[in-house]
Amino acid sequence: MSEGGPWVRLARQVLRRRGAVAAFSALLLIVLASAAAPLYAAWVGVDPFASDVAGTTIRDGREVDLMQPNDNPLHLGLTPIGPDWRLGPYAMGADPQGRDVAARVLYGGRNSLLISAASALLCLAVATGLGLAAGYFGGWVDAVLSRLLDILWAVPVYLLAISLSIVTIGHALHLGIVTIASDNLLIPVAIIALVYIPYAARPLRARALALARAEFVLAARALGASHWRILTREILPNLLDTLMVLAPLLMALCLLAESSLSFLSLGVQAPAASWGTIIQDGEGLIYTRPMVAILPGLAIVATVLALNVLGDALRDVLDPKGGRR
Amino acid sequence: MTRALLSRLGQMVLVLFGISVLIFAVFFATPGSDPSARIAGRGASQEVLARVRADYGFDRPLPVQYVRMMEKLFVTRDLTSFVDHGERVVPEVLEAAPVTLSLVLFASVFWLLLSLGIGIVSAMLRDTWADRALMGLSLLALSMPVFWLGEMVNLVTQSRWHDAWAFSWVPPLGYTPFARSPKGWALGLLLPAFTLAVAFIGLYARVLRAELLQAMGDDAIRTARAKGAGPARLWLWHGLRLSWLSYVSLFGLDFAQLVGGGALLVEVVFALPGVGHLTYQGLNTLDLPLIMATVMYAAVFVVLANAAIDGLYALLDPRIREARRGL
């Protein structure tokens with residue numbers, strides 16, 4: 001019945017669910033499309049990072065301005081050109097600085113996906129360390145770590161992220177001999193990872209706590225195994241299923257946090273794009289050129305939904321009893 | 001009981017102290033950043049910088065700075081903004097609080113009623129197409145960035161279909177105080193509150209469904225069924241009684257976080273002058289004292305609310321009281 005290793009079996013069980021297959025395909029498509037952003041920009045011939053308010057493009061064989069006069073009776077102000085839904089330059093219109101929206105959404109996907117994946121991984125790594133230490137050693141280690149997590153968790157997640165961003169943004173950070181430029185993507189990655197550590201560390205601590213009292217751990221200890229060996233060889237492998245369920249759900253949360261920070265101009269810095277910054281660019285145009293904000297929003301919803309579906313499927317397979325959240 | 005309360009109180013004080021240190025450290029002890037330059041705001045002159053440094057005592061050791069800052073925030077309450085021409089920060093926060101409270105109260109009515117309905121219906125119809133559709137919608141709801149959803153709501157109700165019969169009642173963006181016009185207050189908050197509630201409806205419906213289904217395996221339910229309880233009594237009375245605890249504890253946490261400033265994005269998108277909007281204004285002008293004050297108040301509120309909820313539980317549920325005593 002079960003050929004292949006545990007990984008093959010897990011993959012087979014997950015892929016038996018139609019929703020999970022669809023979610024996985026959608027994610028793959030989004031990742032590939034974002035990875036191909038430079039190809040797309042080169043192919044249609046646009047520069048998605050240079051402001052081009054005086055530029056022109058070809059529509060229906062005629063050369064037209066990127067920034068069009070407004071429809072109001074006095075023709076005051078300028079509105080960027082709208083979508084024409086045909087493959088080519090400005091297929092989804094231009095943003096307020098005359099840049100190709102479609103190309104920017106693809107480039108934005110690179111940053112959004114990169115930041116959310118990296119911060120989810122970083123968060124899981126730190127949370128695993130803390131959870132293992134607190135759950136396995138117990139006593140005062142657990143008491144101190146748990147109180148620290150309580151403190152971190154009491155500050156509303158987005159407010160903490162905003163506070164950390166506002167003090168690190170705009171100026172370069174000087175940490176001893178290392179200087180981190182203010183537009184370095186490591187800054188949002190570290191901030192988002194930090195604010196979600198309590199979210200990830202609590203279930204991991206609970207698992208580690210239960211495992212620390214399991215018979216196979218007692219056996220290992222009786223055989224004289226060191227703490228390090230027990231933690232890495234006995235307990236950590238058994239946390240793997242919890243980690244695998246947490247990973248996609250956490251990445252979904254991180255993606256939402258990243259887009260919110262970028263929407264508040266506190267995440268990815270101009271001229272680089274992320275889905276959140278493009279929605280911010282489109283806010284002022286929401287009534288005239290809504291596509292600028294709609295497109296990156298749909299990309300976020302699709303990605304987060306796919307991650308959540310995948311996380312649900314993994315949980316159903318790995319932990320059929322825990323149906324919460 | 002008294003000892004449990006006292007130890008809980010002690011823990012709370014410890015957490016409050018920890019939070020104030022954490023937030024202070026974030027704003028004033030982040031390595032490699034000069035707080036006076038940030039407090040003085042963008043493009044501040046040398047004199048302003050010197051005044052900030054003297055006023056906050058940044059030349060003194062950190063513990064002294066910490067004590068002075070807490071004094072300004074909670075005792076004398078005369079923390080002043082440097083960007084906003086010496087505006088007092090604390091009264092500003094207190095003035096904005098009713099807006100946020102109205103918004104979150106409104107939203108919580110939406111999300112409690114709708115998630116209760118969806119969760120119960122979904123659990124009763126488990127594994128039918130209706131259950132799958134409701135759960136799919138719930139997942140979609142909690143996958144949407146709230147600020148984007150707000151913009152889409154604005155697009156539809158303020159512009160595209162504003163003149164259609166369905167949305168002609170929608171007032172322009174902004175807030176009307178209850179005292180001026182109760183009707184305007186309610187109408188203006190309806191859509192922002194719903195937008196804020198959407199993700200929570202999805203989350204809570206999923207949690208409630210899972211809890212209810214788990215409760216159905218309980219002995220109490222088997223007994224009730226054996227005694228001939230009908231489906232309505234079984235689910236609504238016995239089922240909810242077994243599963244309300246985690247649902248309500250989740251609600252307490254989220255409600256406190258939202259009142260504490262988690263509603264920032266919705267307030268920004270719908271131009272509601274609440275605490276979150278105040279924070280947002282502080283972001284645009286890099287008004288650090290203002291942001292720190294809102295974050296500090298938010299965290300303090302969250303801790304106090306959680307303690308109140310915990311206390312309420314201990315009073316309501318004897319099992320928790322016993323568990324506490326056992327620890």
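The chains referred to below are lettered A, B, ... by the order of the sequence lines, with proteins before strands, and numbering in each begins at 1. Side chains are part of it too, since the values below use all heavy atoms of this structure and drop only hydrogens, waters and symmetry mates.
- B:Phe27 has its side chain within reach of A:Ile166: a pair of non-hydrogen atoms, C-beta onward, lies under 4.5 Å apart.
- Looking at B:Met144, both its backbone and its side chain come within 4.5 Å of chain A, counting heavy atoms on both sides.
- Residue contact with chain A, scored on non-hydrogen atoms closer than 4.5 Å, involves the backbone and the side chain of B:Leu142 alike.
- Using a 4.5 Å cut-off on side-chain heavy atoms (C-beta onward), B:Leu265 and A:Phe263 make contact.
- Between A:Asn308 and B:Ser143, the shortest heavy-atom distance links the atoms ND2-OG, 3.1 Å.
- Heavy-atom minimum distance, A:Ile300 versus B:Pro145: CG2-CG, 3.5 Å.
- Side-chain atoms of A:Tyr287 and B:Asn154, non-hydrogen and from C-beta on, do get closer than 4.5 Å to each other.
- Surrounding OH of B:Tyr66 are more than 12 heavy atoms belonging to other residues, nucleotides or ligands, all under 6.0 Å away.
- Judged as a side-chain contact (heavy atoms from CB on, under 4.5 Å), and not counting sequence neighbours, the contacts of A:Pro296 are A:Val105, A:Trp275, A:Ile278, A:Ile279.
- Using a 4.5 Å heavy-atom cutoff, the side chains of A:Leu298 and B:Trp148 are in contact.
- For a residue to count as touching a neighbouring chain, one of its non-hydrogen atoms must lie under 4.5 Å from one of that chain's; by this rule B:Val303 touches chain A with the side chain only.
- Contacts between A:Ala252 and chain B at a heavy-atom distance below 4.5 Å are absent for every atom of the residue.
- Residues B:Met296 and A:Val155 are not in side-chain contact: their nearest non-hydrogen atoms beyond the backbone lie 4.5 Å or more apart.
- Proximity of B:Phe147 to A:Leu264: side-chain heavy atoms (C-beta onward) are nowhere separated by under 4.5 Å.
- For the pair A:Ser163/B:Ile23, no side-chain contact is recorded, criterion being any heavy-atom separation below 4.5 Å from C-beta on.
- Heavy atoms of B:Leu140 lying under 4.5 Å from chain A belong to its backbone as well as its side chain.
- B:Glu151 and A:Ile286 get closest at one heavy-atom pair: OE1-CD1, 3.8 Å.
- In this structure, chain A has heavy atoms under 4.5 Å from both the backbone and the side chain of B:Leu139.
- A 6.0 Å sphere centred on CZ of B:Arg126 holds no more than 12 heavy atoms belonging to other residues, nucleotides or ligands.
- At a threshold of 4.5 Å between non-hydrogen side-chain atoms, the residues A:Ile294 and B:Leu155 count as touching.
- Residue B:Tyr204 does not touch chain A at all, counting heavy-atom pairs closer than 4.5 Å.
- Contacts of B:Ile19 with chain A are made by both backbone and side-chain atoms, with heavy-atom separations under 4.5 Å.
- Considering CG of B:Leu22 and CG of A:Leu160, their distance stands at 6.0 Å, rounded to 0.5 Å.
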Intermediate values then yes/no, side chain to side chain contact (heavy atoms under 4.5 Å, CB included), A:Ile162 and B:Leu264: CA-CA 11 Å; A:Ile162 285 171; B:Leu264 179 137; 4.0 Å; yes
